[in-house]
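What follows is a single structure, and I will ask about it in a moment.
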Amino acid sequence: DDILSLDGHHTPSARSDDSDASRDSGVFSSEDVDFKLDSKTKSRSTLHLERPVPRVGAFAKLQSLHLAGAVQNIVTFLKHVASPLTNLDLVVEDPFDKADWQDLCYLICQYFGDSLKSLRVTGSSVSRYTDLTKSTSKGDAFVGRRLPLDGFSYLPLLTRLEIDLPESVILRDADVANVARACPSLEVLRLCPNARFSIPSGGPTLSLEGIAALTMGCPQLDTLALVVNGHAPRADDVFFALCVSSRSLVRLHLGHSWVRDPLQV
């Protein structure tokens, strides 16, 4: 109903109006909610809730949910789900608007942070076909887009986090460090493990040192899959610190990582 009420005919992602107001997912549109703007950025995606939104909605006993569609539409649907979800599987259209992605991350933490144990986000078949077409037409791997994970702030029970998108694949050390802080109970973490980076792109932005935040912050982590840049200068003192060594890691998948000397890495 909320989606149709915007113009009566089309979903938000299909509208021709590109103004900020037209892209507003409505997640934070309640009149009785106070807002604050992060001083570091000026975008709409930095809005945080001052106090929890009343949990009133449908599906009071729902535990597992699978949704597919545009990120903005998924956000509009999820804001009406009042049940304590434990498993959330999303198939999204990539690329997506950064502000909508931030809204989704904030909503998941605000609404389901006390219950969510598994979160999976994958790209739709249309998104994967479009990405394949771009890569083939350029004759090299597609450069990719930034995937910010700073919107995840509170998921203490999450044991499985899987994000596998065709185009939004650029991660930074700060992203995985934030995931380690927000999700200390992680056992399985997969972050775009099949991404390929072309030479013009400069390679993956996630360094080997970035993994240290995960091995230290997630003591139960047993499966890790991501793409790192082993060509970047290394801080050897990090790798000789015993606190960095994981006592739980069983499976490590580094996909199409940039590595010169596998043994050294």
Side-chain angles (χ1 to χ4, degrees), residues 48 52 63-65 84-90 101-102 104-122 146-165 168-195 204-230 232-259 262-265:
H48 296 266
Q63 293 184 349
S64 298
L65 178 63
L85 293 179
T86 58
N87 302 286
L88 183 58
D89 190 348
L90 305 177
W101 171 256
Q102 294 289 63
L104 176 62
C105 295
Y106 293 143
L107 182 145
I108 289 174
C109 294
Q110 289 285 343
Y111 280 37
F112 314 114
D114 292 323
S115 61
L116 199 63
K117 296 181 179 180
S118 175
L119 173 61
R120 185 170 181 260
V121 182
T122 58
R146 174 91 166 90
L147 179 65
L149 299 181
D150 53 351
F152 292 122
S153 60
Y154 179 73
L155 294 167
L157 301 182
L158 196 69
T159 60
R160 178 181 292 268
L161 175 60
E162 299 183 48
I163 301 178
D164 188 6
L165 299 171
S168 300
V169 296
I170 299 178
L171 299 166
R172 297 175 180 170
D173 290 354
D175 294 315
V176 295
N178 185 73
V179 168
R181 288 191 295 268
C183 316
S185 300
L186 274 180
E187 298 176 5
V188 177
L189 177 62
R190 294 187 174 94
L191 297 177
C192 302
N194 300 312
T205 53
L206 183 60
S207 69
L208 283 170
E209 289 87 340
I211 299 179
L214 296 170
T215 57
M216 290 189 296
C218 304
Q220 302 176 61
L221 187 66
D222 65 55
T223 301
L224 179 61
L226 35 71
V227 178
V228 300
N229 191 340
R234 295 171 43 187
D236 287 335
D237 55 331
V238 173
F239 300 103
F240 286 103
L242 291 179
C243 62
V244 174
S245 181
S246 174
R247 298 294 188 268
S248 59
L249 198 63
V250 177
R251 288 170 289 274
L252 177 63
H253 180 258
L254 295 179
H256 302 285
S257 294
W258 283 29
V259 174
L263 181 59
Q264 182 185 23
V265 172

Backbone N or O of Pro148 within a donor-acceptor pair of the Trp101 side chain at under 3.5 Å?
yes
Side-chain donor-acceptor pairs of residues 112-119 under 3.5 Å, sequence neighbours excluded:
unit_1	atom_1	unit_2	atom_2	d
Asp114	OD1	Tyr154	OH	2.8
Ser115	OG	Leu85	N	3.4
Ser115	OG	Leu85	O	2.7

Side-chain (Ser246) to main-chain (Ser248) donor-acceptor, under 3.5 angstrom
yes
Can you name the nearest heavy-atom pair linking Leu155 to Cys109, along with the distance?
CG-SG, 4.0 Å
Considering only heavy atoms from C-beta outward, does the side chain of Leu104 approach that of Leu90 to under 4.5 Å?
yes
Under a 4.5 Å cut-off applied to non-hydrogen side-chain atoms, are Leu147 and Ile163 in contact?
yes
Please determine whether side-chain contact (heavy atoms from CB on, under 4.5 Å) holds for the pair Asp150 and Gln102, giving the CA-CA distance in whole Å, both sets of side-chain angles, and the decisive distance to 0.1 Å.
CA-CA 8 Å; Asp150 53 351; Gln102 294 289 63; 3.1 Å; yes
Taking the side chain as everything from C-beta on, heavy atoms only, tell me whether Asp222 gets closer than 4.5 Å to Arg251.
yes
Report yes or no: does Thr205 contribute a side-chain atom to a donor-acceptor pair with the main-chain N or O of Leu171 at less than 3.5 Å?
yes
Test item: Leu214 and Leu221 side chains (from C-beta on) under 4.5 Å apart, heavy atoms
yes
Without placing hydrogens or testing angles, list every side-chain donor-acceptor pair under 3.5 Å for residues 176-193, not counting sequence neighbours.
unit_1	atom_1	unit_2	atom_2	d
Asn178	ND2	Leu149	O	2.9
Asn178	ND2	Phe152	O	2.6
Ser185	OG	Pro156	O	2.7

With heavy-atom distances below 4.5 Å as the criterion, would you say the side chains of Val250 and Thr223 are in contact?
no
What's the separation between atom CG in Leu249 and atom OG1 in Thr215, rounded to the nearest 0.5 Å?
8.5 Å
If you apply the rule side-chain contact (heavy atoms from CB on, under 4.5 Å), what do you find for Asn87 with Gln63, and how did you get there?
CA-CA 6 Å; Asn87 302 286; Gln63 293 184 349; 5.5 Å; no
Answer yes when Asp175 and Arg146 have at least one side-chain N-carboxylate O distance shorter than 4.0 Å, and no when they do not.
yes
If you define the side chain from C-beta out and look only at heavy atoms, does anything of Ile211 sit under 4.5 Å from Leu226?
yes
Please check if any side-chain donor atom of Asp173 sits under 3.5 Å from a side-chain acceptor atom of Ser207, or the reverse.
yes
Under a 3.5 Å distance rule, please check whether Ser257 uses its side chain to pair with a backbone N or O of Leu254 as donor and acceptor.
yes
Any heavy-atom pair between the side chains of Val121 and Glu162 that's under 4.5 Å?
no
